[in-house]
Amino acid sequence: MNGQSHFSSFQVRNFKRFDDLSVANLGQINLIVGDNSIGKTSLLEALLADDEPMVLLKRLHRTLCFRNIHIHARSPSNIPSPGPIAIPTSNYLAFLLSDLTKPLSFEIRTGTNVLKTLSIEATTAGKVSSESNGDKHAKQFLRFTPDTALVRFKSNSKTTLTPLYADDLAVLHNFQIPFIPAVRMYDPDLVSGYQLVLAPSRAIRQRFIQSLSIILPGVQEVLTRQIHEKEHMAVVVGGSDESYPLSRFGDGVVKCARVFMEMARCQNGRLMIDEVDAGIHFSRMDNYWRGIVAAARENQVQLFAATHSLECIQSLKRVFESGPLADFQNDVRCIALTELKDGKTVKAYTYGWSEFLTAIEHGNEVR
Amino acid sequence: MAKPVLVVEGKADIKFLMDCAQTAFGVELSREDFIDVGTDWRGLENNRTQFERRANEGRALLMILDADWDTPNHEQGGFAKRNAAIGHWLQQNGVAAKVFIWPNHNDNGTLETMLQHITLPAHAAIFQCFEQYEQCLRASDDEYVTPNEKAKIYSYVEALGVKGDNKGEAKRNYQDVSLWDLNSAYLNPLKQFLAPHLANV
């Protein structure tokens, strides 16, 4: 694993169904497996942790949108912006924290053995003013009504206070989260992704085309084109003069495009992919994995991918068992989430390559 | 009571124990109730995460492994040495498990050694013929390899008319009373070992 900022271990407390979940011995390619509702997607979401408060809040808030939970600060529709902002009375953190009275916290070790501790705590202006003891930073919130929801963010020794929903109002340039949900059909974000990631570099476009050809043979060019007043991401396939919208080729192709685009965008960072195999035919699975691993290595991306599928797991094993990737077996981990006998606590077990290979070869269940 | 997890060496053991559990205890075991460590007890080493996981799920670990023989080609072979070696490995690695050593937690041998003891006496002639075949091979001037125990069991099954895949160790029907005696007294040590974990599932 080359990325200095890659996680070597990760702990999250008070997030969704995780009172306290630790995952140790992480690699560059991490496959997360487990039963339905065990928390695979929640673990992927927790791995969005970042030490910039607005980035973390925005990422976590965005995961709710993928689940169709839309609670946002907005301008009332009959008042032109800029104007007053309507702040929802609901606290979106209630959908993320197991216990709203306790902080959501992270403890992360990176490849260089640097320890980061992060936490998010829900509070109110009223509580802050009663705790402030003349703190200059806290005093700015005295003008808020006592029940105004705030978030106290702590990163190592630094503390930040911010109103909840400030993430909706913060302008973060070209904000995109490094998370691909299980089901996400064609979306205009692919056009902005193209403009930001693919358009500036022919080399990146060529690598993208080569990766996409795993699932869409014969793709020669990727571009955007206008279709009825809207920009669409499009491809030229075979000897055709015409470009076709990407969405024409099905959800598997769209997923593939999103995966390889995000790999290029997430250089030296992490990328989380839910149901990594969804939409991919079994006959293309091995080459799909080879493409993903090649892109992850090229871009120094630490990958966390979740699956239910035994086919997908067996394919990962085949891809690393022999051939060019055999030298990188030590970069592979299989992380199984299971429930303890109390029926409530979830624990993560990390299989290194040797144990993973043994389990698959002998037909022992890892999921 | 949660079902135990049986730790074994191979598909043959899995099939036999599934049939034995059904007949002796009325318990249906599925593939997920087993951890196969491969053909050698040293495969325990590559399954530590599996053992920890199953134990944390509240399931008892039952290791049912071969004694083999006390010969140079078997590491720590023979009942006494193998039992001690496995016990030592469990202690060194902090794994809590109960252990049963094939064929009967007393003698040297393997699963197939046990299987020979539960074949039907009415068909003893098959093994006498096989013995003559082995003697013939050993008597030859050419150095032939004499068949192993698995081959002997395979021949028994084939001679009694079992066809196709059902002859193979992964698919044999040990509940077939025309071939096997699952009520044999030879299985009492195994049943006594399994009873505390299967009797009340």
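Remember, predicted model here, so these are calculated numbers, not experimental data. Just so it is clear: chains get the letters A, B, ... in the order the sequence lines come, proteins before strands, and each one is counted from 1.
In this structure, chain A has heavy atoms under 4.5 Å from both the backbone and the side chain of B:R48. Contacts of B:E57 with chain A are made by both backbone and side-chain atoms, with heavy-atom separations under 4.5 Å.
B:A55 pairs by the side-chain contact (heavy atoms from CB on, under 4.5 Å) definition with nothing, not counting sequence neighbours. Residues forming a side-chain hydrogen bond (donor to acceptor under 3.5 Å, both in side chains) with A:D51 (at least two apart in sequence, or on another chain): A:K116.
Within 6.0 Å of CD in B:E28 there are 12 or fewer heavy atoms belonging to other residues, nucleotides or ligands. Within 6.0 Å of NZ in B:K11 there are 12 or fewer heavy atoms belonging to other residues, nucleotides or ligands. Within a 6.0 Å sphere centred on CZ of A:F66, other residues, nucleotides and ligands contribute more than 12 heavy atoms. Counted within 6.0 Å of NE2 on B:H88, heavy atoms from surrounding residues, nucleotides or ligands total 12 or fewer; the atom is thus considered open. With a 6.0 Å radius and a threshold of 12 heavy atoms from other residues, nucleotides or ligands, B:N200 has its CG atom at or below the threshold. Atom CG of A:N330 is surrounded by 12 or fewer heavy atoms from other residues, nucleotides or ligands within 6.0 Å.
At a heavy-atom separation below 4.5 angstrom, chain B is approached by A:S354, A:E355, A:T358, A:A359, A:H362, A:G363, A:N364, A:E365, A:V366, A:R367 within residues 352-367 of chain A.
Contact count against chain A (heavy-atom pairs under 4.5 Å) is highest for B:N56 among B:N47, B:I35, B:N56. In terms of non-hydrogen atom pairs under 4.5 Å with chain B, the most contact-rich of A:T338, A:D342, A:T345, A:T350 is A:T338. Counting heavy-atom pairs under 4.5 Å between each of B:E52, B:R31, B:E32 and chain A puts B:R31 at the top.
For the residue pair B:Q50/A:Y351, the side-chain donor-acceptor check at 3.5 Å is satisfied.
Of all heavy-atom pairs between B:G58 and A:K341, the closest is CA-CD, 3.5 Å.
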Could you tabulate the donor-acceptor pairs under 3.5 Å formed by side-chain atoms of residues 158-167 of chain B, not counting sequence neighbours?
unit_1, atom_1, unit_2, atom_2, d
B:E158, OE2, B:K167, NZ, 2.9

